[in-house]
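Treat the numbers as computed from the prediction; the structure is a model and nothing was measured. Just so it is clear: chains get the letters A, B, ... in the order the sequence lines come, proteins before strands, and each one is counted from 1. FYI, side chains are in, hydrogens and waters are out, and symmetry mates aren't considered; it's all heavy atoms of this structure.
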Protein chains: 2
Amino acid sequence: MKLSNGVEWALHSCVTLSQSEDPVPAARLAELHGTPPAYLAKHLQALSRAGIVHSTAGQVGGYVLTRPAAEISALDVVRAIDGTEPAYRCTEIRRRGPLAVPAERCQTPCAIARAMAAAQDAWSAALAAITIADLAERIDADSDGTAMADVRRWLASTG
Amino acid sequence: MKLSNGVEWALHSCVTLSQSEDPVPAARLAELHGTPPAYLAKHLQALSRAGIVHSTAGQVGGYVLTRPAAEISALDVVRAIDGTEPAYRCTEIRRRGPLAVPAERCQTPCAIARAMAAAQDAWSAALAAITIADLAERIDADSDGTAMADVRRWLASTG
DNA sequence: GGCCGCATACTCGGATACTGGGTGTCCGAGTGCGTTCGG
DNA sequence: CCGAACGCACTCGGACACCCAGTATCCGAGTATGCGGCC
């Protein structure tokens with residue numbers, strides 16, 4: 001099980017966007033995070049499709065969060081990048097082979113699928129409980145309250 | 001995020017093995033589950049390397065669980081197949097770019113990495129709480145107590 | 001001086017190559033059983 | 001009749017192709033800005 005690398009970039013980008021009222025171009029986010037600009041842009045498109053960020057074209061265009069950072073969960077971002085499909089997909093092994101279970105007895109999911117789904121729910125719940133605002137606050141705390149101010153200052157500068 | 005297909009086969013195989021005292025060849029497990037024999041064998045090798053099953057060669061060889069099914073968690077099986085590496089790997093974005101955090105301030109993991117690790121822990125805990133014996137019991141309950149008996153009967157038959 | 005139109009530079013968005021891990025398969029090495037031969 | 005040696009069939013184990021999703025990149029479409037010209 002491997003999570004796309006873009007998830008990390010998207011989460012950092014959302015935290016950064018939470019510090020700016022004005023649109024921030026993808027190229028600028030890429031510069032700040034030290035990532036390939038074109039590839040980061042691809043993931044930002046996914047965030048846009050998911051309705052997490054709003055994009056504006058033109059000379060002073062860029063990306064802005066569509067709603068307050070406290071209303072965007074880490075789960076929202078992860079699902080936007082990685083998709084909503086669960087990690088475990090039951091292929092209905094029980095309905096194959098010499099001991100195949102007839103279809104009419106497969107109303108409820110396989111017990112193994114239920115266990116895996118419960119684990120996925122626990123994972124999702126943990127991510128749903130964390131918001132972008134929480135992440136920004138914690139990053140700030142890790143740096144004794146200077147990190148987010150530095151980001152705001154850098155975003156305001158002409159680069 | 002996508003979980004290897006072999007995880008499903010491995011879990012079903014372990015449940016099946018929990019119903020047999022005698023070694024069960026990979027080909028027989030593949031026949032019961034309707035899976036490609038060679039590919040299933042590959043995953044059983046992983047279970048063997050992880051110490052979950054013991055393999056015996058020779059004419060009446062096959063695979064046997066190394067310990068009671070109640071002492072094998074779903075997490076053990078998943079990790080044997082999928083590896084122990086966490087889904088989210090922090091690439092230390094904070095240490096790159098114009099606002100790079102100096103190394104001496106990176107003693108603790110990034111707040112984002114901590115959040116993702118917490119989610120992974122929740123996922124792992126949910127799987128660790130389920131044993132192969134639990135799964136066998138639930139599958140039996142789903143079938144009104146006939147499934148495991150059918151498996152035992154089929155394994156005992158000469159096929 | 002104010003307003004309108006246009007060229008411009010910048011932005012996003014999707015379409016296009018490349019690569020690594022998962023998928024699937026095969027054959028060789030090794031082992032325990034059954035048979036057979038000798039005592 | 002009993003024991004040991006042999007052959008065998010069956011098993012696992014690792015090494016070898018194939019394919020899709022993630023990785024990375026580029027160029028075209030569209031838009032808000034700023035300037036210049038006109039009234």
Side-chain angles (χ1 to χ4, degrees), chain A residues 1-10 13 17 20 22-31 33-64 66 78 80-89 91 93 158-159, chain B residues 1-10 13 17 20 22-31 33-64 66 78 80-85 87-89 91 158-159:
Chain A
M1 186 174 54
K2 190 167 65 78
L3 211 46
S4 167
N5 205 352
V7 169
E8 182 181 11
W9 304 351
S13 294
L17 288 177
S20 173
D22 302 320
V24 181
R28 201 148 174 78
L29 287 172
E31 180 192 358
H33 296 133
T35 63
Y39 193 26
L40 178 62
K42 184 186 182 68
H43 291 304
L44 290 172
Q45 288 171 30
L47 292 180
S48 178
R49 270 192 293 270
I52 294 174
V53 301
H54 175 69
S55 66
T56 50
Q59 246 175 347
V60 293
Y63 291 96
V64 191
T66 55
V78 170
I81 301 297
D82 197 59
T84 59
E85 205 165 321
Y88 180 90
R89 286 145 298 128
T91 61
I93 278 187
T158 54
Chain B
M1 188 173 54
K2 188 167 67 77
L3 210 46
S4 167
N5 206 350
V7 170
E8 182 180 10
W9 303 350
S13 294
L17 288 177
S20 173
D22 302 320
V24 182
R28 200 146 175 79
L29 287 170
E31 181 191 359
H33 296 132
T35 63
Y39 194 25
L40 178 62
K42 184 186 182 69
H43 291 305
L44 289 172
Q45 288 171 31
L47 291 180
S48 178
R49 271 192 293 270
I52 295 174
V53 301
H54 174 70
S55 65
T56 50
Q59 246 177 345
V60 294
Y63 291 96
V64 191
T66 55
V78 170
I81 301 297
D82 198 59
T84 58
E85 206 165 319
Y88 180 89
R89 285 144 298 128
T91 61
T158 55

B/Arg49 vs D/dG14: side-chain N/O to OP1/OP2 distance below 4.0 Å: yes
Between B/Tyr39 and C/dT25, is there a side-chain N or O to OP1/OP2 distance below 4.0 Å? no
Could you say whether A/Gly61 or A/Ala38 is positioned toward the 5' end of DNA chain C, judged by the nucleotide with the nearest heavy atom to each? A/Gly61
D/dG13 OP1/OP2 closer than 4.0 Å to side-chain N/O of B/Ser48: yes
Could you tell me the separation between the CG atom of B/Leu29 and the C1' atom of D/dT11, rounded to a whole number of Å? 13 Å
Between D/dA21 and A/Ser4, is there an OP1 or OP2 to side-chain N/O distance shorter than 4.0 Å? no
Between A/Asn5 (CG) and C/dT19 (P), how many Å, whole number? 18 Å
Given atom CD of A/Gln45 and atom C1' of D/dT25, what is their separation to the nearest angstrom? 12 Å
Side-chain atoms of B/Val60 come closest, of D/dG22, D/dG13, C/dC33, to C/dC33
Could you say whether A/Gly58 or A/Lys2 is positioned toward the 5' end of DNA chain D, judged by the nucleotide with the nearest heavy atom to each? A/Lys2
Measure OH/B/Tyr63 against C1'/D/dG13 and give the value in whole Å, please. 8 Å
When you compare the side chain of A/Arg89 with that of B/Lys2, does any pair of heavy atoms fall below 4.5 Å? yes
Separation of B/Leu40 atom CG from C/dT25 atom P, in whole Å? 12 Å
Counting only side-chain N and O atoms of A/Ser55, is one of them less than 4.0 Å from OP1 or OP2 of C/dG13? yes
Let me spell it out: for each of A/Gln59 and A/Met1, pick the nucleotide of DNA chain C with the closest heavy atom. Which residue's pick is nearer the 5' end? A/Gln59
Starting at atom NZ of B/Lys42, determine the distance to atom P of C/dG21, rounded to an integer number of angstrom. 13 Å
Would you mind reading off the distance between B/Arg28 atom CZ and D/dC12 atom P, rounded to a whole angstrom? 13 Å
Kindly point out which of D/dA24, C/dT11, C/dT25 is positioned nearest to the side chain of A/Trp9? D/dA24
